Amino acid sequence: RSDDKIRVSPVAKKLAEEKGIPLENIEGTGPKGRITKEDVENYQLPVSDEVQEQD
Amino acid sequence: MKLVILGGGPGGYAAAIRGAQLGAEVTIIEERKIGGVCLNTGCIPTKTLLRAARWLHEQEKMEAYGIDVQMKLDFGELMQRKKEVVEQLTANVEMLLAAHRISTIAGRGIVKNSQTVKVATEEGVQDISFDKLILATGSRPMMPPVSGLDLPQVVDSTGALSFKEIPKRLTILGGGVIAVEFAILFEALGSKVTMMEMLPTILPREDELVQEAMTEILRQRGINVYTDATLKKVEKAGDGLKLTATGVGIPEFLETKNLLVATGRQPNVEGIGLETLGIKVHNKAVEINEYLETNVSGIYAIGDLTAKMMLAHTAAHQGLLAAENAMGQTNKMDYRSIPGGLYTFPEAASVGITEQEARKTRGDIKVGLFPYEALGKALADYEMEGFIKIIATAETNEILGVHILGDRATDLIAEGALAIGMEACLEEVAHQVHGHPTFNEGMGEAAMAALGLPLHLFPK
Amino acid sequence: MKLVILGGGPGGYAAAIRGAQLGAEVTIIEERKIGGVCLNTGCIPTKTLLRAARWLHEQEKMEAYGIDVQMKLDFGELMQRKKEVVEQLTANVEMLLAAHRISTIAGRGIVKNSQTVKVATEEGVQDISFDKLILATGSRPMMPPVSGLDLPQVVDSTGALSFKEIPKRLTILGGGVIAVEFAILFEALGSKVTMMEMLPTILPREDELVQEAMTEILRQRGINVYTDATLKKVEKAGDGLKLTATGVGIPEFLETKNLLVATGRQPNVEGIGLETLGIKVHNKAVEINEYLETNVSGIYAIGDLTAKMMLAHTAAHQGLLAAENAMGQTNKMDYRSIPGGLYTFPEAASVGITEQEARKTRGDIKVGLFPYEALGKALADYEMEGFIKIIATAETNEILGVHILGDRATDLIAEGALAIGMEACLEEVAHQVHGHPTFNEGMGEAAMAALGLPLHLFPK
Ligand SMILES: Cc1cc2nc3c(=O)[nH]c(=O)nc-3n(C[C@H](O)[C@H](O)[C@H](O)COP(=O)(O)OP(=O)(O)OC[C@H]3O[C@@H](n4cnc5c(N)ncnc54)[C@H](O)[C@@H]3O)c2cc1C
Ligand SMILES: Cc1cc2nc3c(=O)[nH]c(=O)nc-3n(C[C@H](O)[C@H](O)[C@H](O)COP(=O)(O)OP(=O)(O)OC[C@H]3O[C@@H](n4cnc5c(N)ncnc54)[C@H](O)[C@@H]3O)c2cc1C
């Protein structure tokens, strides 16, 4: 996915940057997987066991 | 899958076509004429008359270009043209339905139970069974409780569209989109027009700048615009009417040939069997969720009946999604980027929220305003009246609203609608190259102005 | 920071304003008139004349709406109107420059060395020093090597814009945008028009469907369109001209009152001192990189001089970016979403690539085509001639091109341009609600058609 160009709306992009969420982590629900403002707003930080896996 | 649609207006027929495209066996029940209000007595006939009225209005402009012009309107011929346009369009829609193998039943339908609609046709009563049902019965003019509105000189929009002659004096009750279109229309055709609106302003849903500019345009054309005015009584006087009104600045008595009542429309919720299944009605409109479904599973409602934004394209889009959802998809209806238009000359159009609403609900905002008179195309075309206004959040520059008054506004708004639909920021519109000379250059300029860097505006 | 701009056309003056906005001390050198070709002898005067011509052309439509109409054009008054529009616009630009505290020097400039431009003014030669320089000297008509083109009845576009009377017979050499606009213009004003194009088609850069439809429209209006035709010789004949031509179907000899040569334009690269600094020229145009910089650091070139897309809005946008880059920003110019327009009636406009180019370069594609005659607005307005065509990749539905022929095309294209600019897919345009009744509905329909689900088209 990372080498594919990520489809994201301009507002969503700004919002994600502001919140420090990498776009790669967000599931886009718009046409052709486009990340929308709502997707960023609904984004949940990964739960703690994922963090533990990295250790 | 049997999909039945009650009502053949723009909402209903769009649902029928999409349903057929997705493989449903579709039946559409229509008691009057396919095309509904929009094609028969709404959008299309008004726009046909307005096309002619605009040419009449433009005579002064033509003279400015060295054209010595004489025009004489035959109102009967114009009404004939209107009739032909309507007939051609409704015939097209009928052919389209037939080509999609959609059955059309002429008659009044009523929900009988959770699988059946009962239809009273010329050949008697028929029971039509369905798996899914889409209600699309539309709306009708609302008549305020004023005595004398039953006099024959009092008409609703449908009546005004079948005048036999142009009324010398026409009074219009109401100040919404339909009222303003008729005011501009009949003034250009030669009527002496008066408008009477109960609220403090005409076009109550539009941006204040549009309200003010349109009021000014109406007044410049010799139309009396009374706001904060209430009609009290209507009486016969000669072959016309005597109106009694109250309000600031309005004469107590007004003489008029005809009175056009355009005070709004109400959904057709009655007599269609909603009670039978317990389908919920709220504020006289059928209640629906984001997926256009009523509280009864498998039964959808769309269009004016749902009183969301009473526009033909809202109805049609709801119709497409309702059919898709009836066929198993799960598409949400989003009303944020639906444009609205006013087919006057100049036109007006808007999408999103007004500056006033944005200030109230979104706090810090940016506003970009660009006047038509600074556009080369406006000068070349003698269309200097107007502006494009764009509203965005101050923080992220997210575009919240676009408001246009001026030539071609109803088509220019498409760019604004797509911008909001795609969640564009001011930068996207400002950096987009717009063709020269066009009216849409004003959109780029308004966005640049909101960002503080307009090209053709004087520095502050 | 001293920013000097050579040439005051749409490219040069946009650069000047943006430079001033960003804090530069700006000087603009112009040997003729601020506004360049576009405002004085290009975009604006042609569009003013076309506005009048359109009204003349519409008489038949007016009659269809019951308007009995008589028009008589005073060509002198129309030319006077054109003059006034041009004067007002150029005066506006001059005021705008002054308000931004931009110095204007009237005279011909030539690059003297890497810090100086030498200007020959009425008061003598001045040396103007610069830190950064933007070259914006534009272009001029190209005259093919045919004998007799120096006869007084032979004009270029500037000459045609100052005709004293409407020529009874006008022959136009060339088939590009400018040639077609003049053909439509003078036919409507009453000339008998003949077009002669060397290539196999008119409008060589447009989609084939546009080429064919426009050729058909020209012919229907009684304009002789000869393609694959070569002009061999021009001679005086009475008070007009005798033309000798070769080609299939074209008579060997043609009589005409005037010949308008509109065979293209060439950049003004000569006599401005490019050699002095070794500024590179390629194919007779100044070579630039994505940042609008020439091979000499700190020296930029924009507009027709760079022969990228010879359009006013390309020049202006390049001008904005060149000024921004001169002031330290690093903004890249992207030509992919720049629209182009044809201000005929009906209009035409396009953005992105044609179907033919897409098939060649992008392999599998989707095409959506929607005819104007299926639009309610087109019927209401008697504007059934035209279509909207949208082209996308088959795999990702990325929109590659939009081609419109029909009323308001030059404004409708803005939505297509924004769609391409924002890298939209067909879905975004198809799911966008378009107002009803509008011409822009055709854009949504074309996108739906490309996806296989149009609303108002017959199933195949
Ligand atoms: C003068 C005027 C101008 C307008 N101009 C515009 C415009 O320019 N743009 C715009 O977007 N909107 C415009 N509108 C609004 C537009 O007409 C409506 O929003 C649109 O028609 C709503 O579509 P609909 O399908 O919901 O309902 P309708 O068009 O009202 O259609 C409902 C249909 O259902 C039928 N029906 C009702 N009950 C039954 C039953 N029990 N059994 C069988 N059939 C039934 C009716 O006969 C009707 O044909 C205008 C309206 C008016 C009055
Ligand atoms: C008939 C016609 C119609 C057109 N219609 C359109 C249209 O509708 N839309 C569109 O986008 N484009 C149109 N164009 C093209 C458009 O006019 C050009 O693309 C545009 O003007 C280019 O702008 P520019 O700033 O690069 O150059 P120009 O407009 O050519 O301006 C260059 C300026 O530099 C000055 N100059 C040149 N050399 C020197 C020097 N050494 N010292 C000082 N000054 C100098 C010239 O006097 C001139 O004013 C049309 C062109 C023509 C001929």
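This structure is a prediction, so every number in the text was calculated from the model and none was measured. Below, read A as the first sequence line, B as the second, and so on, with proteins coming before strands; counting in each chain starts at 1.
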Asks: So do Asp68(B) and Asp74(C) actually touch side chain to side chain, heavy atoms under 4.5 Å?
Replies: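 Result no, sub-4.5 Å side-chain heavy-atom pair not found.
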Asks: Once rounded to the nearest 0.5 Å, what's the spacing between atom CG of Leu379(C) and atom CZ of Arg51(B)?
Replies: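 Answer for the CG-CZ pair, Leu379(C) versus Arg51(B), is 14.0 Å.
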Asks: If I measure from the heavy atoms of chain C, does Met95(B) come under 4.5 Å with its side chain, its backbone, both, or neither?
Replies: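 Contact with chain C involves both backbone and side-chain atoms of Met95(B).
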Asks: Using atom types as modelled and distance alone, determine if a side-chain donor or acceptor of Arg81(B) lies under 3.5 Å from a backbone N or O of Glu63(C).
Replies: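 Not a single qualifying donor-acceptor pair exists.
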Asks: Using a cut-off of 6.0 Å, state whether more than 12 heavy atoms not belonging to Glu94(C) lie near its atom CD.
Replies: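 Above 12, so yes.
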Asks: If every non-hydrogen atom of Ala99(B) is compared with every non-hydrogen atom of Pro459(C), which pair is closest and at what distance?
Replies: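 The pair with the smallest heavy-atom distance is O-CG, 3.5 Å.
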Asks: For the atom pair OG1 (Thr438(B)) and NZ (Lys47(C)), what is the distance rounded to the nearest 0.5 Å?
Replies: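 It is 11.0 Å, given to the nearest 0.5 Å.
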Asks: So which part of Met79(C) gets closer than 4.5 Å to some heavy atom of chain B, the side chain, the backbone, both or neither?
Replies: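 For Met79(C), neither part sits under 4.5 Å from chain B.
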Asks: Checking side-chain contact (heavy atoms from CB on, under 4.5 Å) for the pair Tyr343(C)/Asp381(B): CA distance, chi angles, key distance, verdict?
Replies: CA-CA 11 Å; Tyr343(C) 294 80; Asp381(B) 274 12; over 6 Å; no
Asks: So which part of Ala349(C) gets closer than 4.5 Å to some heavy atom of chain B, the side chain, the backbone, both or neither?
Replies: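 Neither part.
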Asks: Any ion pair linking Glu347(B) and Arg408(C) (charged N to carboxylate O, less than 4.0 Å)?
Replies: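 Glu347(B) and Arg408(C): salt-bridged.
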Asks: So, the side chain of Tyr65(C) versus the backbone of Glu77(B): is there a donor-acceptor pair under 3.5 Å, distance only?
Replies: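 No, Tyr65(C) side chain to Glu77(B) backbone: no donor-acceptor pair under 3.5 Å.
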Asks: Looking at CG of Leu39(B) and NE2 of His436(C), how far apart are the two atoms once the value is rounded to the nearest 0.5 Å?
Replies: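 If we round to the nearest 0.5 Å, Leu39(B):CG and His436(C):NE2 are 5.5 Å apart.
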Asks: Kindly compute the distance separating NE2 (His434(C)) from CD1 (Ile413(B)), expressed to the nearest 0.5 Å.
Replies: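 Going from the NE2 atom of His434(C) to the CD1 atom of Ile413(B) covers 11.5 Å.
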Asks: So which part of Leu457(C) gets closer than 4.5 Å to some heavy atom of chain B, the side chain, the backbone, both or neither?
Replies: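 Only the backbone of Leu457(C) comes within 4.5 Å of chain B.
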Asks: Chain B heavy atoms under 4.5 Å from Ala424(C): which part of the residue, side chain, backbone, both or neither?
Replies: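 The answer is both parts of Ala424(C).
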Asks: Between the side chain of Gln432(B) and the main-chain N/O of Ala414(C), is any donor-acceptor distance below 3.5 Å?
Replies: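 Between the backbone of Ala414(C) and the side chain of Gln432(B) there is no qualifying donor-acceptor contact (under 3.5 Å).
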Asks: At what distance, to the nearest 0.5 angstrom, does CD of Gln70(B) lie from CD1 of Ile67(C)?
Replies: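 Result: 14.0 Å between the selected atoms.
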Asks: List the steps, then state whether side-chain contact (heavy atoms from CB on, under 4.5 Å) holds for Phe458(C) with His100(B).
Replies: CA-CA 8 Å; Phe458(C) 286 90; His100(B) 281 287; over 6 Å; no
Asks: With a 4.5 angstrom heavy-atom cut-off, could you sort out which part of Ala419(B) is near chain C: side chain, backbone, both or neither?
Replies: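 Contact with chain C: backbone and side chain both.
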Asks: Looking only at heavy atoms, which two atoms of Pro339(B) and Gly435(C) are closest? And how far apart?
Replies: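 Scanning both residues completely, I find the closest heavy atoms to be CG-N, 3.7 Å.
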Asks: If I take atom CD from residue Glu428(B) and atom CD from residue Glu423(C), how far apart are they, to the nearest 0.5 angstrom?
Replies: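 Answer for the CD-CD pair, Glu428(B) versus Glu423(C), is 10.5 Å.
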Asks: With a 4.5 angstrom heavy-atom cut-off, is it the side chain or the backbone of Lys82(B) that approaches chain C, or both, or neither?
Replies: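 Neither the backbone nor the side chain of Lys82(B) comes within 4.5 Å of chain C.
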Asks: Is a donor on one side and an acceptor on the other found under 3.5 Å between the side chain of Asp411(B) and the backbone of Asn440(C)?
Replies: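 Confirmed, Asp411(B) side chain pairs with Asn440(C) backbone.
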Asks: Give the member of Leu78(B), Leu96(B), Thr410(B), Val85(B) that has the highest number of heavy-atom pairs under 4.5 Å with chain C.
Replies: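 Top count of heavy-atom pairs under 4.5 Å with chain C: Leu96(B).
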Asks: Is Met309(B) close to chain C through its backbone or its side chain, or both, or neither, when contacts mean heavy atoms under 4.5 Å?
Replies: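 Neither part.
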Asks: For the residue pair Ile44(C) and Ala380(B), what are the closest heavy atoms and their distance?
Replies: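 Nearest pair, atom of Ile44(C) first, then Ala380(B): O-CB, 4.3 Å.
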Asks: Is a side-chain N or O of His317(B) found less than 3.5 angstrom from the main chain of Val433(C), in a donor-acceptor match?
Replies: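 Flag not set: sc His317(B) to bb Val433(C) has no pair under 3.5 Å.
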Asks: Between Val69(B), Ile17(B), Leu73(B), Leu418(B), who has the most heavy-atom pairs with chain C when the cutoff is under 4.5 Å?
Replies: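 Looking at each option in turn, the highest pair count goes to Leu418(B).
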Asks: Name the option with the most non-hydrogen atom pairs under 4.5 Å to chain C; the candidates are Ala417(B), Gly341(B), Pro10(B), Ala312(B).
Replies: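 Max contact count across the listed options: Ala417(B).
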Asks: Any sub-3.5 Å donor-acceptor pair from Arg18(B)'s side-chain atoms to Pro454(C)'s backbone N or O?
Replies: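 Absent.
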Asks: For Glu427(B), look at atom CD and say whether over 12 heavy atoms of other residues, nucleotides or ligands are found less than 6.0 Å away.
Replies: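 Buried by this count: over 12 neighbours within 6.0 Å.
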Asks: Using side-chain contact (heavy atoms from CB on, under 4.5 Å), reason through Tyr13(C) and His456(B) one step at a time and then give a plain yes or no.
Replies: CA-CA 10 Å; Tyr13(C) 87 72; His456(B) 288 95; 2.6 Å; yes
